[in-house]
Every structure is written in structure tokens, then in C-alpha cells.
Visitor: 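Input: one structure, supplied below.
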Amino acid sequence: MVLSDGDIKKYLKKGLVIKPFKKLFLQPSTYDLRLGDEVRVFDNYKTGLVDVRKKADLTRLVKLDGGGFVIHPGDFVLGATKEYFEIPGELCAKLEGRSSLGRLGLVVHATAGYIDPGFKGWITFELGNLSRVPIKIYKGMRIAQICFLKMSRVPDRLYGDSLIGNKYQGQKGPTASRFWKDYEKR
């Protein structure tokens, strides 16, 4: 079940955290998310291959200023929400792009749009430009939306449980892939 605006407000009093929360961004069944102050860009010249078993420093952080940031056709960058989240055990969430930006060719999230119960931190998302023209984005702009879904019951283990080995609990800002950690011995 997807939460309505009224249910989202109720859960804000029962464990759901969105900081800062702006009433203006609450939609009928979603909450609009803003782009944080940084993006993570790929330095493609550093390698000809990504080996998912090895830790690699393929990105760098770029601070966004008032002049914006241009995503060229075919570019792929990581962004993060301005909002901090704590998702209670009885909820999970889905991040999606905004229709108005999708109509310009800007896609938000390639595959990582699911947020598990128990997640705490800022949400990293992927930005890609599918159009043939550059698109300029700005820090603080409404760039995505999130909906909350009620779980059938609270999971036995929440995101962040040490036995699961979650890699992104508490992340801040656009966080590069930590897939290589799947190959670490536990």
C-alpha cells in the first residue's frame, strides 16, 4: 500500500524522518526531493575497465555553486538528496524521477530506486542525460520524488543490521559504488 499525503504526515510523528521537511513538497502520494550541494562525476580517463571485485576510485566530488552543473548527452553522474531520511521498520520507499525532468531527457535513478526499512542517511541517486542537448541542473532544485510503502510486517532484520552487511547505512552526499565489498571475506 502506497501512503497518501495524510499518512506520510502521520508517519512523520511515528518514526519517519525527513529533514528538512517542507510542507510545500508534499504531493498526494509522494514527497518531492531536492538535489544536494554536490555531484559525483566519473573520471573515465582513469581506467578502461571497471572490475567490480576491486575497490577503485573512479569518481570525484564536485561542489555545486549557484551557476549550476551541466550534464551533457550520454553523461552519468551521482547526486544525493538535500534531505536526510530515517525509514522506520514498517515502511520502505521508492525513489522516482519527476515527470517534468524526464520529458527533457533527464533520468533520475538507473536501478537504485529502492530504500529498505531501517535505512538512515541521504539518498544517492543516478542522473543521466538521454537527450541530444546538455541539461543544466542546480543545487536545491526539486529533482526527484519519493513514495512510501507499508510493509506486510516489520522485517526480522532492518537495513543496517551487521549480519546483512549493508554498505550505505549513514551515507552522506553522493556515495560511489561499494560493490567490491560483496567480495570481502566476512
Side-chain angles (χ1 to χ4, degrees), residues 2-5 8 18-52 54-85 87 92-116 119 121-149 167-168 171-180:
V2 175
L3 298 188
S4 69
D5 53 357
I8 293 169
I18 305 173
K19 286 184 183 177
F21 178 82
K22 302 273 187 193
K23 210 172 182 179
L24 172 68
F25 297 158
L26 187 59
Q27 303 298 325
S29 64
T30 61
Y31 183 81
D32 287 343
L33 304 174
R34 293 173 293 166
L35 179 62
D37 299 341
E38 303 168 320
V39 292
R40 188 167 284 281
V41 299
F42 286 80
D43 289 328
N44 300 340
Y45 66 89
K46 288 186 176 182
T47 187
L49 170 75
V50 175
D51 185 338
V52 296
K54 297 179 181 172
K55 183 178 182 179
D57 185 17
L58 303 174
T59 64
R60 65 185 155 84
L61 222 45
V62 174
K63 287 271 190 202
L64 300 178
D65 60 20
F69 180 85
V70 176
I71 302 177
H72 292 275
D75 275 358
F76 179 81
V77 301
L78 298 175
T81 59
K82 184 176 182 84
E83 294 81 13
Y84 169 84
F85 286 89
I87 310 296
C92 63
K94 281 289 282 167
L95 179 133
E96 295 292 342
R98 294 186 66 221
S99 173
S100 297
L101 295 173
R103 294 167 197 231
L104 298 174
L106 185 69
V107 293
V108 176
H109 103 68
T111 62
Y114 184 80
I115 299 100
D116 275 307
F119 174 82
W122 289 261
I123 300 170
T124 294
F125 51 85
E126 310 88 7
L127 295 166
N129 182 352
L130 299 179
S131 77
R132 293 184 175 189
V133 295
I135 299 171
K136 195 177 226 183
I137 60 172
Y138 298 88
K139 73 178 180 179
M141 71 181 278
R142 290 188 296 168
I143 197 153
Q145 58 189 336
I146 193 168
C147 70
F148 300 95
L149 298 100
K167 300 179 281 289
Y168 304 105
Q171 70 183 3
K172 184 173 183 176
T175 304
S177 175
R178 296 175 180 158
F179 190 82
W180 54 272

Visitor: Once you round to the nearest 0.5 Å, how far does CD of Glu126 lie from OG1 of Thr124?
Guide: 8.5 Å

Visitor: With rounding to the nearest 0.5 angstrom, report the CG to CG distance, Leu149 to Leu3.
Guide: 7.0 Å

Visitor: Do His109 side-chain atoms and Leu95 backbone N/O form a donor-acceptor pair below 3.5 Å?
Guide: yes

Visitor: State, to 0.1 Å, how close Cys147 and Ser29 come at their nearest heavy-atom pair, and which atoms those are.
Guide: CB-O, 3.5 Å

Visitor: Quick check for you: to the nearest 0.5 Å, what is the distance between Leu35 atom CG and Leu127 atom CG?
Guide: 7.0 Å

Visitor: Mind checking whether Arg34 and Glu83 have side chains closer than 4.5 Å, heavy atoms only?
Guide: yes

Visitor: With rounding to the nearest 0.5 angstrom, report the CD1 to CG distance, Ile135 to Leu101.
Guide: 8.0 Å

Visitor: What I'd like to find out is whether the side chain of Asp43 reaches to under 4.5 Å of the side chain of Thr59, using heavy atoms alone.
Guide: no

Visitor: Indicate the atoms forming the closest heavy-atom contact of Val108 with Ala144, along with that distance.
Guide: CG1-CB, 3.9 Å

Visitor: Among Tyr168, Tyr84, Phe85, find the residue that satisfies the side chain to side chain contact (heavy atoms under 4.5 Å, CB included) test when tested with Ile123.
Guide: Phe85

Visitor: Quick one: CG on Leu106 to OG on Ser100, what's the gap to the nearest 0.5 Å?
Guide: 11.5 Å

Visitor: Have a look at Thr30 and tell me which of Glu96, Gln145, Arg98 forms a side chain to side chain donor-acceptor pair (under 3.5 Å) with it.
Guide: Gln145

Visitor: Gln27 and Asp32: side-chain donor and acceptor closer than 3.5 Å?
Guide: yes

Visitor: Measure the NZ-CG distance between Lys23 and Asp5 for me, rounded to the nearest 0.5 Å.
Guide: 10.5 Å

Visitor: Taking all heavy atoms of Phe125 and all of Thr81, pick out the closest pair and write down the distance.
Guide: CE2-N, 3.5 Å

Visitor: Search all heavy atoms of Pro134 against all heavy atoms of Pro73 and return the closest pair with its distance.
Guide: N-CD, 3.8 Å

Visitor: Whether the side chain of Gln171 engages the backbone of Trp122 through a donor-acceptor N/O pair (distance < 3.5 Å, no angle test) should be reported.
Guide: yes

Visitor: One pair to check against ring pair (Phe, Tyr, Trp, His ring centres under 6.0 Å): Phe42 and Phe76. What are the steps and the verdict?
Guide: CA-CA 8 Å; Phe42 286 80; Phe76 179 81; 5.6 Å; yes

Visitor: Can you see which heavy atom on Lys22 is nearest to which on Tyr31, and at what distance?
Guide: N-OH, 2.7 Å

Visitor: Can you name the residues that form a ring pair (Phe, Tyr, Trp, His ring centres under 6.0 Å) with Phe148, not counting sequence neighbours?
Guide: none

Visitor: Less than 4.5 Å apart, side chain to side chain, heavy atoms only: is that true for Val62 and Phe69?
Guide: yes

Visitor: Is there side-chain contact between Asp116 and Cys92, with heavy atoms separated by less than 4.5 Å?
Guide: no

Visitor: Is any side-chain heavy atom of Leu78 less than 4.5 Å from a side-chain heavy atom of Thr175?
Guide: no

Visitor: Is there a side-chain contact between Ile115 and Ile146 (heavy atoms, below 4.5 Å)?
Guide: yes

Visitor: Checking the side chain of Asn129 only, and the main-chain atoms of Ile71 only, is there a donor and an acceptor separated by less than 3.5 Å?
Guide: yes

Visitor: Identify the heavy atoms of Leu61 and Pro174 that sit nearest to each other, and give their distance.
Guide: CD1-CG, 3.9 Å

Visitor: How about Asp37 and Lys82: do any of their side-chain heavy atoms sit closer than 4.5 Å?
Guide: yes

Visitor: Between Lys136 and Gly67, is there a donor-acceptor pair closer than 3.5 Å when you use the side chain of the first and the backbone of the second?
Guide: yes

